[in-house]
Visitor: 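Submitted below is the structure of interest, expressed as structure tokens.
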Amino acid sequence: MQQTLPRILRDIATKYPEIPAQCFRNSDGQFISLSYRDLYSTVLDAGAGLLSSGVKRGDRIGIISDNRKEWQQIDMGILSIGAIDVPRGCDASPKDLEYILSFSESSVVVTENSTQVRKILNIKSKLPDLKKIIYFTALNQAEIEKAKECSVELIDFNDILSRGKVFRLNNPGLIEAEVDKGQKNDIAGIIFTSGTTGQPKGVMITHGNFITQLDELDERIYINPGERALCVLPVWHVFERLCEYVIMNQAGVICYSKPVGSILLADFQKLNPQLMPAVPRVFEAVYDGVNRTMRKTGGLVYALYKFFVAVAILHSRIDRKLFRKNARFGPDHLIFWWIVLVLPWLALYPLKLLGNALVFTKIRAKLGNSFRAGISGGGALPPAIDEFFWAVGIKVVEGYGLTETAPVVSVRPIAAPIFGTVGSPIRGVQARVVDQNGIVLGRARQGALQIKGGTVMKGYYRRDDLTEKVMTIDGWFDTGDIAMFTLNDEIVLKGRLKDTIVLRGGENVEPLPIEMKLNASRFVNASCVLGQDQRYLAALIVPQAEEIKNYAAENGIQYADYDDLLRNEEIQKLFEGEISGAINAKNGFKMFERINKFTLIKKEFEVGVELSAKQEMMRYRLNEIYKDKIAAMFE
């Protein structure tokens, strides 16, 4: 395989010049495409345009934009001349941008629109290295005047491409020579972590870190030349970025959409994609949407839907037991289970087929007629969501990784997924579980997960001290995750060491399994379990507003406004019942893991406020924002 990402793109463009590389909406809202040959030519123009504008090998270039065709074009242009991208999304706050762009000493920043240009110009006094801003969409006159005041040169992305065309004519072969100079250990990007635990750290990821993953991922997440993948995530985040490289490496088509229900489902129908990488919340939204639609339909249709889903889930559980599709930690007594379960398995099969004909085919049709699998990453996929998709015949395979591992450590293969795991480590990656003393543990024993191999970052930018904290003397990266291995060396995640809640009695509690169980309720949008150094656990809960209002209407509950409704005694009792019904011994929870108090939060958690860009909960932010409410629960 080639040494750098632009050279991989060059090979694909040479082998599949006419196959569409990018599929995107034009100004009329219609999908059009750009071929691999034209994409590579655009990338060379972008790289040449940057060279002609004074960008040099090793320069850091900020990219403040969400996912769009120009992102990949300018990114590959940056990499083709040996420069380094420093990406972030449009939701980044001025404070974050000030830190990231100043710390990385970015001399050029690429922006999506006038809003991002305005943010950057407003903090120009804190960015002494900034000289140029490149923008994708037209600016307002106010930004143009502000740039003059700040002595910052504004350049339209199309002008960069035009400059590049002229540069290539006047300097034949020069940009191609720059592409050939690239080495595997060159830094491709400095990706600042989303800050779920505080100050962002700049993760230095090399071309080799990305390329190590492409070998086996082409087998586990396969797409044929010309097949389509629907992409909805922020590409500045390493999960989406790697997925797009996987698609490119197999000559697939990157189709740009939005993680908005109405847009996403409409694009499924228009584009008929084979794959969709997404964070768990996107799959949860699809799951909630299906259930909400069926509840609104009501009557016999809803009753049949619930019956057939229950049958399909039960049959799938038996099927996984009989055919070893579950995580295994010891002897599974397979002969015994075949004797006990084969008749129920056979008896349920016709009902599952009937449910498939009457219900599940209609659900799958919402994803087009070619959908092969969803790839879930960037967070834990709730078991209830996982099991639902498995039962109705929609494959959603879960993967695991971190920004520091660029990101993939493991992923379930589409062809043979094992339920309850995130797959085994990919080729080029080693994983081990150690105890608190660093002693390596065997299979089926829980401990801290450590990673070694070609995907592990070069280090944190200008923070050797932080790099030393997460790297062992013998070169293992400490993930901060709690995990254990199955008998077949698949990884099963158990929580985050830093998220672990220690109660006053010394009990250790992993909040994530509790939150997943709470979130499975149709009345719960999101939850956060709390209790560090307290006597008991409490929870902040964001209700599903529409479901709560429907419940109030069905039960004749009168209220003045939504705030009044959440304070209503019957609604409080509803949530008491939902919580006690979910978190109890029957469901495998210990006494000290039960929720003693809760507070209903009116406002949904937002990206950039309570959530990171990949929609992970930033617990330290919640402790700040809801300080008074949390204190009241522990009085």
Side-chain angles (χ1 to χ4, degrees), residues 66-67 89 91 194 229-235 237 239-240 243 255-271 273 275-297 302 305 309 359-360 362-368 371-399 512 515-528 541-550 578 601 603-617:
D66 291 332
N67 207 356
D91 63 331
S194 53
L230 204 58
C231 293
V232 300
L233 300 179
V235 70
H237 188 269
F239 171 55
E240 174 65 22
C243 286
C255 302
Y256 298 96
S257 184
K258 299 286 184 183
V260 178
S262 57
I263 296 174
L264 184 59
L265 290 176
D267 288 350
F268 265 112
Q269 298 299 312
K270 291 177 183 176
L271 297 170
L275 300 176
M276 183 182 72
V279 291
R281 286 180 72 88
V282 173
F283 295 107
E284 286 182 59
V286 174
Y287 168 81
D288 290 339
V290 170
N291 280 298
R292 194 176 299 117
T293 300
M294 299 308 296
R295 277 195 297 273
K296 284 182 178 178
T297 303
Y302 182 44
Y305 166 77
V309 167
V359 180
F360 304 151
K362 295 175 183 177
I363 294 173
R364 293 196 298 270
K366 293 183 179 297
L367 306 183
F371 192 65
R372 185 178 300 132
I375 301 97
S376 179
L381 182 66
I385 311 296
D386 196 359
E387 192 161 53
F388 170 81
F389 282 118
W390 190 299
V392 302
I394 298 172
K395 282 192 176 180
V396 177
V397 295
E398 187 177 8
L512 190 58
E515 289 161 357
M516 282 185 172
K517 195 67 178 177
L518 292 174
N519 296 348
S521 166
R522 70 184 178 99
F523 298 110
V524 177
N525 177 290
S527 61
C528 177
I541 294 178
V542 180
Q544 286 279 11
E546 186 178 346
E547 294 291 348
I548 295 300
K549 291 174 183 176
N550 288 341
E578 291 291 305
I601 304 296
K603 184 183 80 68
E604 290 189 12
F605 293 161
E606 298 177 63
V607 171
V609 183
E610 297 94 348
L611 304 176
S612 70
K614 63 173 182 174
Q615 302 188 39
E616 282 185 327
M617 191 158 46

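Note that the structure is predicted; figures quoted are calculated from it, not measured.
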Visitor: Examine distances only and state if a side-chain atom of Glu398 and a backbone atom of Leu381 form a donor-acceptor pair shorter than 3.5 Å.
Guide: yes

Visitor: How long is the straight-line distance from CG of Asn525 back to CG of Leu518, given to the nearest 0.5 Å?
Guide: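 Those atoms lie 12.5 Å apart.
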
Visitor: Does the side chain of Leu230 come within less than 4.5 Å of Leu264's, by heavy atoms?
Guide: yes

Visitor: Looking at Lys395, I want to see if its NZ is surrounded by more than 12 non-hydrogen atoms of other residues, nucleotides or ligands under 6.0 Å.
Guide: yes

Visitor: Do Arg281 and Leu611 come within less than 4.5 Å of each other through their side chains, counting heavy atoms only?
Guide: yes

Visitor: Can you see which heavy atom on Glu578 is nearest to which on Ser521, and at what distance?
Guide: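 Taking Glu578 first and Ser521 second, the nearest heavy atoms are OE1-OG, 2.6 Å.
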
Visitor: Of the non-hydrogen atoms in Val607 and Asp91, which two are nearest, and what is the gap between them?
Guide: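 Shortest heavy-atom contact: CG1-OD2, 2.8 Å.
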
Visitor: Closest approach of Phe239 and Ala278, non-hydrogen atoms and distance?
Guide: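 Heavy-atom minimum between the residues: CE2-O, 3.7 Å.
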
Visitor: What are the two closest heavy atoms between Arg372 and Leu275, and how far apart are they?
Guide: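 Where Arg372 meets Leu275 most closely, the heavy atoms are CB-CD2, 4.3 Å.
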
Visitor: With a 4.5 Å heavy-atom cut-off, do Ile263 and Ser257 have their side chains touching?
Guide: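 The answer is yes, as the side chains (C-beta and beyond) meet within the 4.5 Å cut-off.
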
Visitor: Just verifying a value: how many Å separate Asp267 CG and Cys231 SG, rounded to the nearest 0.5 Å?
Guide: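 The SG atom of Cys231 is 11.5 Å from CG of Asp267, to the nearest 0.5 Å.
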
Visitor: Are Phe360 and Val309 packed together at the side-chain level, in the sense that at least one heavy-atom pair is separated by less than 4.5 angstrom?
Guide: yes

Visitor: Within the distance-only criterion (no hydrogens, no angle test), does the side chain of Gln269 pair as donor or acceptor with the backbone N or O of Lys366 below 3.5 angstrom?
Guide: yes

Visitor: Within the 4.5 Å heavy-atom criterion, are Val282 and Met276 side-chain neighbours or not?
Guide: yes

Visitor: To the nearest 0.5 Å, tell me how far Met516 CE sits from Asn519 CG.
Guide: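 Atom-to-atom, Met516:CE and Asn519:CG are 8.5 Å apart.
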
Visitor: Please collect all side chain to side chain donor-acceptor pair (under 3.5 Å) contacts where either partner lies in residues 283-294, sequence neighbours excluded, each pair once.
Guide: Asn291-Tyr305

Visitor: Grab the two heavy atoms, one from Ile601 and one from Pro543, that are nearest each other, plus how far apart they are.
Guide: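 For Ile601 and Pro543, the tightest heavy-atom pair comes out as O-CD, 3.2 Å.
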
Visitor: State, with a plain yes or no, whether a side-chain heavy atom of Arg364 is found less than 4.5 Å away from one of Phe371.
Guide: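 They are not in contact (no side-chain heavy atoms under 4.5 Å apart), so the answer is no.
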
Visitor: Shortest non-hydrogen contact from Ser376 to Pro280?
Guide: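 It is OG-CG, 3.6 Å.
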
Visitor: Between the side chains of Glu546 and Lys296, is the shortest nitrogen-to-carboxylate-oxygen separation below 4.0 Å, so that they form an ion pair?
Guide: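 Yes, this pair counts.
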
